[in-house]
Amino acid sequence: MGKNTTILDHPLIKHKLSILRDKNTGTKEFREIVGEIAMLMCFEATRDFPLDEVEVETPMGIAKCGVLSGKKVAVVPILRAGLGMVDGVLTLIPAAKVGHIGLYRNEETLEPVEYYCKLPSDIEEREVLLVDPMLATGGSAVDAITQIKKRGVKHIRFMCIIAAPEGIARVEREHPDVKIFCAAQDEKLNEIGYIVPGLGDAGDRIFGTK
Ligand code: PRP
Ligand code: URA
């Protein structure tokens, strides 16, 4: 794991992750917790956002304050499962625009198949928070980052909940400028490309499709 990857192993995130991993957790709770983890991760992933110093007049005097220095943000979920993380991010950054990238993995080759891409028209001026709960082989994340970079974006942070070492290594190798934030790095991928121990299929668990 390189210097661009951060494991956000805060106790609140770890606790919520233990519920997500549990095979007995149902769709409603799973969906809620994905959103809560995304919100907590967003808090940490934006820790180095720049501030401008301003003076604010309080009822008692002048306070030196920090305000976000006009950096505009776009949240981009990788469909489907990334959708589950959007509201958590928007809770903290309500003015963010939202783009969508549709990708699914071919189950035999594990290569991503693109089916949708709609991004804010001024995305090149924005700080992008790309979100997807699972980073497995890394194929989907690498493809999504490539699509976003083609639109002129300079700053991309990728937030995922569980990552496999193979996926982290691939994103670090192919996009060394992208910062990766994840809640846990798991042991390995199994022979059909699922993260072990992981949490199963994130899209199916968020949307109740299995
Ligand atoms: C899952 C997950 C990621 C991808 C990760 O999506 O949400 O997008 O797999 O795997 P990778 O790192 O090997 O590319 P999936 O392809 O199952 O699509 P879905 O969200 O539509 O179910
Ligand atoms: N996608 C998932 O949803 N889960 C995995 O373990 C791997 C890819």
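Counting starts at 1 for both ligands and their atoms, following the listed order. No hydrogens, no waters, no symmetry mates; every other heavy atom, side chains included, goes into these values. Along the sequence shown, residues carry numbers from 1.
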Run the contact test for G138 against ligand 1 with a 4.0 Å cut-off on heavy atoms, strictly below, and give the result.
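Contact present.
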
With a 4.0 Å cut-off on heavy atoms, does D132 reach ligand 1?
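A heavy atom of D132 does come that close to ligand 1.
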
Indicate whether the side chain of T25 and that of R205 have a donor and an acceptor atom separated by less than 3.5 Å.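 Distance-only check fails for T25 and R205.
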
Next item on the list: Indicate whether the side chain of T6 and that of E44 have a donor and an acceptor atom separated by less than 3.5 Å.
Entry: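 No, no side-chain donor-acceptor contact under 3.5 Å.
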
### Query
Has ligand 1 got any nitrogen or oxygen that is less than 3.5 angstrom from a nitrogen or oxygen of Y104?
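There is no such contact.
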
inquiry  = Would Y115 count as a polar contact of ligand 1, with the cut-off being nitrogen or oxygen pairs under 3.5 Å?
reply    =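 No.
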
Check: Which option, R105, K210, M134, owns the non-hydrogen atom nearest atom 9 (O) of ligand 1?
Finding: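 It is R105 whose heavy atom sits nearest to atom 9 (O) of ligand 1.
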
Minimal non-hydrogen separation, P133 against I206, with atom names
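Result for this residue pair: CG-CD1, 4.3 Å.
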
Step by step, work out the salt bridge (Lys or Arg N to Asp or Glu O under 4.0 Å) result for D201 and K210. CA-CA 9 Å; D201 188 305; K210 210 167 239 171; 5.2 Å; no

Q) What protein heavy atom sits nearest atom 5 (C) of ligand 2, and how far off is it? A)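 Checking every protein heavy atom, the shortest distance to atom 5 (C) of ligand 2 gives Y194 CD2, 3.4 Å.
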
**Message:** Give me the residue, atom name and distance of the protein heavy atom closest to atom 3 (O) of ligand 2.
**Reply:**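 For atom 3 (O) of ligand 2, the nearest protein heavy atom comes out as A202 N, 2.8 Å.
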
| request: Measure from atom 1 (C) of ligand 1 to the protein's non-hydrogen atoms and state whether any distance is below 4.0 Å. | output: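 For atom 1 (C) of ligand 1 the answer is no, since every protein heavy atom stays at 4.0 Å or beyond.
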
